[in-house]
Structure formats: C-alpha cells, structure tokens
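A short worksheet on the structure shown next.
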Amino acid sequence: PRRKNLSVDEYVTGVLKGNRPILARTITLIESQAPRHREVAARVLHRLLPHAGKSLRIGISGVPGAGKSTFIETFGLQLIQNGHRVAVLAVDPSSSVTKGSILGDKTRMEKLSRDDHAFIRPSPSGGTLGGVASKTRESITVCEAAGYDVILVETVGVGQSEITVRSMVDFFLLLQISGAGDELQGIKKGVIEIADAVVINKADGDNVQKAEMTRNQFETAIHYLKPVTRGWNCRVLTCSALTGSGIPDIRRMIWDFKEQTTQTGIFQQRRKEQAVNWFFSMIDERMRAWFYDHPEIRDNINTLKEKITSGTLLPTTGAEQVMEGFLEKIFPKK
Ligand code: GDP
C-alpha cells in the first residue's frame with residue numbers, strides 16, 4: 001500500500017524526536033533519485049543540519065568474512081551498555097555494480113537490530129560509489145539529528161570504497177584476521193595507510209597465538225608509515241568479536257583518540273576539511289551529470305566517439321573539440 005507523503009515538518013519533527021520509522025523514511029527520501037524528492041530532502045536536511053555533528057563517526061572495514069557484522073554487533077551492544085545510541089550505515093560498492101550486495105543480504109546483527117538504542121541501515125542501492133557516498137554522508141547528518149551519538153560506517157575492503165569512507169569518518173578501523181597466509185595484504189593494498197587502528201579479529205580458541213603473531217607483524221609494518229591522523233600513531237590490537245574479549249580496549253582507544261585529537265584541534269580541523277571536500281565532490285558530481293546529460297554535448301560526444309573508434313580522430317583532439325564547443329556555449333567569444 002502507498003503511504004501518505006510526509007510534509008517537511010513531519011520529517012523534521014519525527015527525526016528530532018528520534019522516531020525510528022520516520023528516520024528510516026527520511027533516509028529513503030534522501031536516497032530517492034526523483035527530482036521532487038530531492039527538493040523535499042534538501043529542505044529537510046537544511047532544517048536538520050543545525051542539530052547534527054555531535055556524534056563520533058567510526059569507519060569499519062575488512063574483507064568479507066573478517067567478522068565485520070559480528071564485530072559491529074558486539075561493539076554496538078557494548079556502546080549501548082555504556083549509554084550510547086548507535087547508528088550503523090554502510091557503503092557497499094558492490095551494490096552499484098552487481099545490483100546485489102556483499103554487505104546486506106544475510107541476517108546480520110540480530111541483537112543489535114532489535115535494540116531500541118540502535119538503528120541499522122543497509123547501503124543505498126544503485127548509483128556510483130560517489131552517489132552512494134553522498135547519500136551516506138547525508139544519512140549521517142540525519143542520524144545525528146535523531147540523537148545517535150556514535151555512527152558506525154561499514155564497508156567491504158574492495159577498491160575505492162575505503163578511501164570514500166575514510167573521507168566521512170573521524171576514526172577508521174581496519175579489521176583483519178590472521179592465518180589467511182597473507183597477513184600483510186592490507187599493507188600492500190595501501191589500506192593500512194588510512195587506518196587509525198588495525199584490529200586482528202578472531203583472537204580466540206586456538207587462534208590466540210596466531211593473532212598475536214599477526215599483531216606483531218603489523219606493529220613492525222606500520223612503524224614505517226606516516227600516520228593518517230596527525231599526532232596519532234596507528235594502533236594494532238587483537239579482539240574476538242565472538243567472545244567480546246578485547247572489545248572494551250578498542251572502545252577506550254577510540255575515545256582516547258577523540259579526546260587527544262579534540263585537545264589538539266585536529267579532530268575539528270579534519271571535520272572542516274571533510275566538509276570542504278564533500279562540497280567539491282558534490283560540485284564534481286553535479287557537473288558531470290549535467291555535462292553528460294546535456295543533449296548537444298551528448299550528440300557531439302557520440303559523433304566524435306565514432307570517429308575515435310574508427311581511428312580517424314585522436315582522443316586528445318576529440319576531447320579538445322568537446323571542451324571548446326562547451327566553453328564557447330557558456331563564454332561566447334565576442
Ligand atoms: P563479515 O563478512 O566481515 O561481516 O563477517 P561476519 O561477521 O559475517 O563473520 C564471518 C564468519 O566469521 C562468521 O561465521 C562468524 O561467526 C565468524 N566470526 C566473526 N567474528 C569471529 C570471532 O571473533 N571469532 C571467531 N572464532 N569467529 C568469528
């Protein structure tokens with residue numbers, strides 16, 4: 001059945017009251033591609049913005065099977081025990097490519113999702129990584145306005161999505177497991193360079209010693225890396241998301257991080273930089289969409305594309321022609 005549309009006021013009041021069904025609908029509104037929804041969403045966001053910004057935003061990444069959902073469930077429940085309200089968002093690059101999702105298609109975080117102090121939202125589907133990311137940024141704003149003071153942003157360790165998540169969180173945690181025979185995989189991929197902490201998960205049972213060895217390897221490796229957050233050296237810890245051991249240390253570490261970086265002003269500084277970067281990536285995105293959707297430009301591009309395919313036009317010359325035609329439109333020479 002079609003639900004009645006809410007007014008801007010109803011969205012705003014509902015979110016500010018922490019009404020979860022309305023929070024969910026607000027995020028659905030934000031994720032909608034329809035122009036009329038975009039307009040309402042923009043007004044809602046504008047009203048919510050003054051109420052946002054007060055959470056701690058934590059990015060969590062790791063390959064499938066590293067234990068992200070298990071970790072988020074255990075960690076999230078502990079945070080709630082400590083008086084926090086936890087929102088879990090996801091940036092899933094697979095959903096745009098395969099139309100399926102690596103993150104969202106199993107029953108995940110069952111206890112956490114039933115808890116009144118938690119809100120779990122799967123990754124927006126469809127669109128480019130940039131599109132998914134901008135929706136997630138807006139969802140962070142909405143969750144904060146709804147009173148969630150810890151936002152966990154989960155992503156799979158695939159390609160660009162980790163860098164994207166890094167650009168919207170205060171603290172970035174990389175979840176690893178030992179015994180995969182390729183312990184330093186993350187280092188090779190450069191992902192560890194953007195981590196504030198590496199956590200070796202599944203340090204339980206027979207695996208404790210192996211996890212400790214992996215921890216040492218990472219310790220040695222990160223020694224040579226430049227910290228991603230000024231004044232904070234990447235920490236390496238072990239934990240078991242299954243038993244909960246090591247999780248309180250992780251929580252303390254992250255809150256230490258917040259305290260230290262807030263004192264030095266680095267925390268606030270990064271938030272400002274992130275806002276500016278978000279601004280620029282929105283301009284990039286809108287420019288591209290406008291440019292490639294413009295009928296004349298599209299026709300021109302299609303014509304030139306054929307010439308390039310048939311080998312009668314050099315790609316650089318073609319690009320030059322497209323740009324000249326475009327610039328001549330906006331800034332006609334007298
Ligand atoms: P994700 O794909 O990264 O979200 O990983 P999951 O949380 O779904 O975990 C993958 C598998 O590892 C599941 O079978 C979990 O039960 C298991 N697992 C997760 N954390 C731990 C842990 O700390 N110890 C052990 N022994 N198993 C774990």
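Whatever order the structure lists ligands and atoms in, that order sets their numbers, starting from 1.
For the pair Gly67 and ligand 1, the shortest N or O to N or O distance falls below 3.5 Å. Backbone and side-chain nitrogen or oxygen atoms of Leu242 are examined, and one is located within less than 3.5 angstrom of a nitrogen or oxygen of ligand 1. The N/O atoms of Lys68, backbone and side chain alike, include one that comes under 3.5 Å of an N/O atom in ligand 1. Not a single N or O atom of Pro64, backbone or side chain, sits closer than 3.5 Å to an N or O atom of ligand 1.
Under the 4.5 Å side-chain heavy-atom criterion for grouping Ile, Leu, Val, Met, Phe, Trp and Tyr, Leu327 is connected to Ile301 within one hydrophobic cluster.
Just one residue in the list Thr74, Ile58, Leu237 forms a side-chain contact (heavy atoms from CB on, under 4.5 Å) with Ile250, and that residue is Leu237. No option in Val91, Thr155, Thr164, Ile27 other than Val91 meets the side-chain contact (heavy atoms from CB on, under 4.5 Å) test with Thr136.
A donor-acceptor contact closer than 3.5 angstrom is absent between the side chains of Thr309 and Glu306. If you check the side chains of Arg270 and Ser167, you find no donor sitting under 3.5 Å from an acceptor.
When each atom of ligand 1 is checked for a heavy atom of Ala66 under 4.0 Å away, the hits are 3 (O). Interface of Asp204 with ligand 1, defined as ligand atoms under 4.0 Å from a residue heavy atom, comprises 22 (C), 23 (O), 24 (N), 25 (C), 26 (N). Every atom of ligand 1 is numbered from 1 in the order shown, and the set under 4.0 Å from a heavy atom of Asn201 is 20 (N), 21 (C), 23 (O). Close contacts between ligand 1 and Gly65 involve ligand atoms 1 (P), 2 (O), 3 (O), 5 (O), 10 (C) [criterion: under 4.0 Å to a heavy atom].
Under a 4.0 angstrom heavy-atom cut-off, Val63 registers as being in contact with ligand 1.
For the pair Arg166 and Phe172, the cation-pi test (distance below 6.0 Å, angle within 45°) is failed.
Between Phe291 and Phe326, the angle of the ring planes goes over 60°, which puts this pair in the perpendicular group of the 30/60° scheme.
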